[in-house]
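Inspection log for the structure reproduced underneath, given as structure tokens.
Here is how names work: the chains are called A, B, and so on, in the same order as the sequence lines, proteins then strands, and each is numbered from 1.
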Amino acid sequence: MQRKAIFNNKLLPYLLLAPQLAITFVFFFWPAGEAVWYSFIRQDAFGISKQFVGFENFTDLFADPLYHQVIINTLIFSLAVTVLAMGLALGLAVLADRHIRGKDGYRTLLIWPYAVAPAIAAILYIFLFHPDIGLIGRALKAAGVDWNYTLNGNQAMLVVVLAAAWKQVSYNFLFFLAGLQSIPRSVLEAAAIDGASATYRFRTVIFPLLSPTTFFLLVINITYAFFDTFGIIDALTKGGPGNATQTLIYRAYIDGRVNLDLGSSSAQSVVLMIAVMALTFVQFRFIERKVHY
Amino acid sequence: MQRRHILLGTSGLLAAPFIAPSARAQGRTEIQFWYGLGGALGERVAEQVTRFNESQPRFRVNANFRGSYVEVMTGAIAAWRAGTPPHIAQVFEVGTATMMAAGPAIRPTHELLGEAGITLDPKRYLAGVRGYYSDTQGRMVSMPHNSSSAVLWINLDAFEKAGLSTTDLPKTWAEIRAAAQKIKATNAAEIPISTAWPTWVMFEQMSSIHDVGLATKANGFEGLDAQMNLGAPIFAKHTNMLLEMQREGTFVYGGRDGDGFASFPAGKAAMSFNSSAGRAQVQREAKFRWASVVLPYHGDVTQSPRNGVIGGASLWTLTARNRTAEEYRGVAEFYRFISEVEQDKWWHHVTGYVPLTLAAYEASRAEGFYTQNPGADAAIIQLSRAEPTPNSQGFRLGGFVEIRNIIQEELERGFQGQQNAETLLGNANRRADVVLRNFERANRR
């Protein structure tokens, strides 16, 4: 059957697409375009005086050694959050996929953290890890550990990574569990009959069959670590101590909204945009090849 | 040209329905007022506005809580860019330079009052408060609203336990340090000294009290080309002392902004520094005897400490294209109302902020408010004990929020043991100068 016959009118398809395109334009392209435009401008907070400065906002940014540190922070943070959140979730999902008593309740409970707002999650972690008022923090100090994440940069990074990963575990868990349940039992049984051990089965059968899910979650988790962890960092450490937990998105927020330096903040947003485009490209180009659908 | 950023545009759209239909409802002129004080203090602001609305039939102020100080300021600026700003925005003191440089966006208070035919003598206001919000000709640009100063909070029970006098309290840093060492030696408190607002207390206040500029050009009052002055000996001396005290365990860093104060009302810290507006919290939570006294000074640097500087916020009148004279008149009337002695006194008593006017201070003293609430006048004494000098009248530094954070960050690196006082101050000075230069370039007209 010829599809073309349905739309004789050349305008109609565009008309039908128009609402979607309008939304995409107004909510995505326009703001993104404004950010790109602002990144070439120096202006005061009120936008009263504006001056085109070319790439100056970008050169200033990359000349700042602290920005280099922020890039490194972001890489460490994103990698740690992704590995931790996905690893834990996969482990939990494999356990929950077994035939255990009360597994429905167990699964439901594991999903709870996802519903916790980032700021609340951060408060929970303060009550756990704060050196003076935190449960674990005080226990660590009592055990002789020099624990104070308000002054120790590595400890601060550890706490924000834990809090950010904890929030994402539930989401990953849901998808991994669904992925595990969609693996045909017959394949696993065949492998078992062939004498493959549980770990061997996991490595050669389950994990490859799970790869579409894993790949999807990888993209989602990296994006999460890059963009959605701002609330946790703000409530827990405000990027400190020093600049130890400042990430790209947090710095863009501080420079734009607190320091009212729209030029630099826009330049940082553009850098982030390019980074994510590159990241997504690499993921789809190179990692997706290894994925079995 | 007024370019509309999409985000700014949306906030304007959101704000518009609140303004348009309600304007002139019931024949009253509506005045929008955005503020950034939450909790108990926010309730007091709402009460202050209600008092004004009930005092006259002509104007109606709508007080709107818009989140933190930062959120009020960015929100108001975004709304101005979108053409729908509130009439009044409460802006914290560190935002003063940004607002002052905003030329056409603001209506200076002296102009506003002049047009409304209201005369408010600037001399009526506390010197330390007035100076901070005035231009170089001494005319008030914004309206003082809630001002505090940093004071020293002392846990008297801990002092007694350590065998220290509870009446002859320490006045200099040397005495403070000696007391802290004794508290540590006798284990009278877990933390001998902590502080809230590290930059405000340890740099801004110390600069003012010792009459040394934090920056050149009278701390930026005389021009956008000011440069940081952290190379001055007093900052090295003070930072070195803090780092030493941290190493010997007499000073414990408790985090940025207000975080470091939590240990005081909890009874863990024997001494702490915080805004005088922390009084309500201490009154409510502290289960021990306490005192609040003026900030210590370095006795070997000066024998006559100058005034401290204020913290808090002031009210800024924002312009809009379609704003009528009647609306400006309403704003002016509101300013006059909150400056009345009775209103000012009430505000001072229920919030813990210092009074705006000398008359309210005198009236409170005559009523015996300070004998019933000892230490409630510490901040006022500190603000008015000397005529402000160019170094102690306040700060007019562009990007001051960022500068405060830079100093905090470098201080943290010092406390981490990553750098000594000289490197710390050098780095802070260099980074803050970059902020000043960027502000200067962005605001050059």
Taking atom [atom1] of [X] as the centre, report whether more than 12 heavy atoms of other residues, nucleotides or ligands fall under 6.0 Å from it.
X	atom1	value
B:Phe288	CZ	yes
A:Phe52	CZ	yes
A:Phe55	CZ	no

Side chain, backbone, both or neither: which part of [X] has an atom under 4.5 Å from a heavy atom of chain B?
X	answer
A:Leu66	side chain
A:Leu151	both
A:Gln51	side chain
A:Asp64	neither

Distance from [X] atom [atom1] to [Y] atom [atom2], nearest 0.5 Å?
X	Y	atom1	atom2	result
B:Met73	A:Arg257	CE	CZ	11.5 Å
A:Thr150	B:Phe415	OG1	CZ	11.0 Å
B:Thr98	A:Asp44	OG1	CG	9.0 Å
A:Asn152	B:Glu412	CG	CD	11.5 Å

Counting C-beta onward and ignoring hydrogens, is there a side-chain heavy-atom pair between [X] and [Y] closer than 4.5 Å?
X	Y	answer
A:Phe46	B:Asn443	no
A:Lys238	B:Asp257	yes
B:Glu402	A:Leu260	no

Counting heavy-atom pairs closer than 4.5 Å to chain A, which one of B:Lys268, B:Gln408, B:Gln418 comes out on top? B:Lys268
Please classify the contact between B:Asp259 and chain A as side chain, backbone, both or neither, with a heavy-atom cut-off of under 4.5 Å. neither
Write down the atom of [X], the atom of [Y], and the distance for their closest heavy-atom approach.
X	Y	value
A:Ala45	B:Ile77	O-CG2, 3.2 Å
A:Asp132	B:Glu190	OD1-OE2, 4.3 Å
B:Ala102	A:Ile48	O-CD1, 3.3 Å
A:Ser49	B:Ala442	OG-O, 2.8 Å

Determine, stepwise, if the pair A:Asn243 / B:Glu409 fulfils side-chain hydrogen bond (donor to acceptor under 3.5 Å, both in side chains). CA-CA 7 Å; A:Asn243 303 75; B:Glu409 284 170 11; 3.1 Å; yes
By side-chain hydrogen bond (donor to acceptor under 3.5 Å, both in side chains) - contacts of B:Glu410 (at least two apart): B:Arg413, B:Gln419, B:Arg431
Does anything in residues 422-429 of chain B get under 4.5 Å of chain A by heavy atoms, and if so which residues? none
